[in-house]
Amino acid sequence: MASTYLSRASGTPSSTRKFTISFWVKKCGQGEDSFLVSSFTDASNRMQVNFNSSNDRVDFLCYVSGSVIMRKQPNRKLRDPASFYHILVAVDTTLGTASDRCKIYINGEQETSFAYETNPSQNADANVSGDHFIGAYDNEGSPALFFNGLMTHIHYTDGYTYAASTFGETDSTSGIWKPKTSPSVTYGSNGFFLKFENSGAMGTDS
């Protein structure tokens, strides 16, 4: 059972209405509640991207003042243990169309079919300013629900919203979706890029 994670301290965000989370993940277990990326101020104010144990779907939720202001769980089930998945969450609550305020992409394709879909109100403050956890849920200072698998190329852009094509592209020979190793993005005050290249310093921000 996995029991390791990273945490990163955060300060005042560049924007409370715009952010992007992009990462590559390979699952080593199925049917597990496990957290991938989360931001935690307290139990009533948090943001999380996790796998749902009951269906192996990726689930994105944002809680503000104890209420779910945003949630998207695509119907697609991610159960292939041999492949990396690229998952991207793009949030911009300033947009006029409700369904555009939160977008989820898997392997470069925007998801449009959801088991759960709650769109935020326009100009909602959705960027939680708490510390970021990679591979676990904070759980009031006692990390839990650890991710069982591999992660790489984790991007968080604070105040800037990007599509999947910023971070990945289709290989012209194989047709497989692959990462762009040096994407041109702006990270903002709390942003980061984790490659996990150095086993002795896994939290190094590239």
Side-chain angles (χ1 to χ4, degrees), residues 6 8 13-27 34-39 46-52 56-62 69-80 83-95 97-120 126-128 132-135 147 149-171 175-188 190-196 205-206:
L6 288 175
R8 295 183 57 84
S14 295
S15 170
T16 58
R17 300 173 180 176
K18 298 180 182 182
F19 61 90
T20 308
I21 306 165
S22 171
F23 57 90
W24 293 75
V25 59
K26 185 176 183 179
K27 300 176 69 178
S34 57
F35 276 63
L36 301 164
V37 180
S38 63
S39 182
R46 67 186 193 272
M47 173 274 295
Q48 63 197 55
V49 186
N50 62 280
F51 281 124
N52 190 295
D56 290 311
R57 294 174 177 139
V58 67
D59 204 355
F60 170 70
L61 298 94
C62 183
I69 67 163
M70 182 166 33
R71 181 181 186 184
K72 287 200 172 179
Q73 184 188 108
N75 278 311
R76 187 190 303 205
K77 298 179 180 182
L78 307 184
R79 290 177 169 168
D80 183 356
S83 300
F84 270 92
Y85 292 103
H86 178 221
I87 298 170
L88 181 139
V89 179
V91 173
D92 182 351
T93 68
T94 68
L95 297 176
T97 302
S99 59
D100 287 342
R101 296 171 195 155
C102 175
K103 298 177 182 178
I104 293 183
Y105 298 80
I106 299 176
N107 290 346
E109 296 182 8
Q110 184 179 342
E111 297 298 304
T112 57
S113 175
F114 299 97
Y116 297 96
E117 182 177 17
T118 300
N119 292 303
N127 192 351
V128 178
H132 285 89
F133 282 72
I134 311 298
F147 172 60
L150 306 175
M151 298 181 72
T152 188
H153 281 244
I154 303 175
H155 298 265
Y156 177 72
T157 65
D158 171 17
Y160 301 87
T161 304
Y162 297 97
S165 57
T166 300
F167 301 96
E169 59 189 349
T170 301
D171 186 273
I176 295 173
W177 186 253
K178 65 179 184 179
K180 292 181 178 178
T181 56
S182 299
S184 178
V185 301
T186 303
Y187 289 94
N190 290 329
F192 52 82
F193 174 18
L194 305 179
K195 292 183 179 180
F196 303 134
D205 186 355
S206 297

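Numbering of residues begins at 1 and proceeds along the displayed sequence.
Counting heavy atoms from C-beta on, the side chains of V37 and M151 come closer than 4.5 Å. Taking 4.5 Å as the limit, every side-chain heavy atom of F23 sits out of range of all side-chain heavy atoms of L194.
Using modelled atom types, no side-chain atom of D59 and backbone atom of F51 make a donor-acceptor pair closer than 3.5 Å. Side chain of T20 to main chain of Y162: a donor-acceptor pair is present (N/O by atom type, distance under 3.5 Å, no hydrogens or angles). For the pair D158 (side chain) and G188 (backbone), a donor-acceptor distance under 3.5 Å is absent. Between the R57 side chain and the Q73 main chain, no donor and acceptor come within less than 3.5 Å of each other. A donor-acceptor pair is defined here as one N or O able to donate and one able to accept, closer than 3.5 Å; no such pair exists between the side chain of K26 and the backbone of T152. With K27 contributing its side chain and L78 its backbone, the two residues share a donor-acceptor pair below 3.5 Å. Using modelled atom types, one side-chain atom of T157 and one backbone atom of Y160 make a donor-acceptor pair closer than 3.5 Å. Checking side-chain atoms of T93 against main-chain N and O of R101 turns up no donor-acceptor pair under 3.5 Å.
Expressed to the nearest 0.5 Å, how far CD of E117 lies from SG of C102 amounts to 8.5 Å. Separating the CG atom in N50 from the CZ atom in F60 is a distance of 10.5 Å, to the nearest 0.5 Å. Taken to the nearest 0.5 Å, the CG atom of N119 stands 6.0 Å off from the OG atom of S99. The distance from atom CD1 of I87 to atom OG of S22, rounded to the nearest 0.5 Å, is 9.5 Å. Taken from CG in L95 to NZ in K103, the straight-line distance is 7.0 Å, to the nearest 0.5 Å. Rounding to the nearest 0.5 angstrom, the gap separating the CD atom in E109 from the NE2 atom in H86 is 13.0 Å.
Ring geometry for F19 versus Y156: interplanar angle of 30 to 60°, hence tilted.
The minimum heavy-atom distance between F35 and F147, with the atom names listed, is O-CB, 3.3 Å. Residues A126 and M70 approach most closely at CB-CE, 3.5 Å, considering heavy atoms. The nearest pair of heavy atoms linking G159 to S14 is CA-CB, 4.4 Å. The two residues A163 and Y105 come nearest to each other via the heavy atoms CB-OH, 3.8 Å. A164 and G108 get closest at one heavy-atom pair: CB-CA, 3.9 Å. Between T161 and V91, the shortest heavy-atom distance links the atoms OG1-O, 2.7 Å.
Residues K72 and E111 are not paired through a salt bridge, judged by the lack of any N-O separation under 4.0 Å between the basic side chain and the carboxylate.
Surrounding OH of Y116 are at most 12 heavy atoms belonging to other residues, nucleotides or ligands under 6.0 Å away.
For the ring pair (Phe, Tyr, Trp, His ring centres under 6.0 Å) test with H153, the passing option among W24, F167, Y85, F193 is F193; the others fail.
Annotation: salt bridge (charged side-chain N to carboxylate O under 4.0 Å, His left out) contacts involving residues 14-24, sequence neighbours excluded, comprise R17-D125.
Applying the side-chain contact (heavy atoms from CB on, under 4.5 Å) test to S113 and every residue at least two apart in sequence or in another chain returns N75.
Annotation: F192 is not in aromatic contact with H155 [ring centroid separation under 6.0 Å not met].
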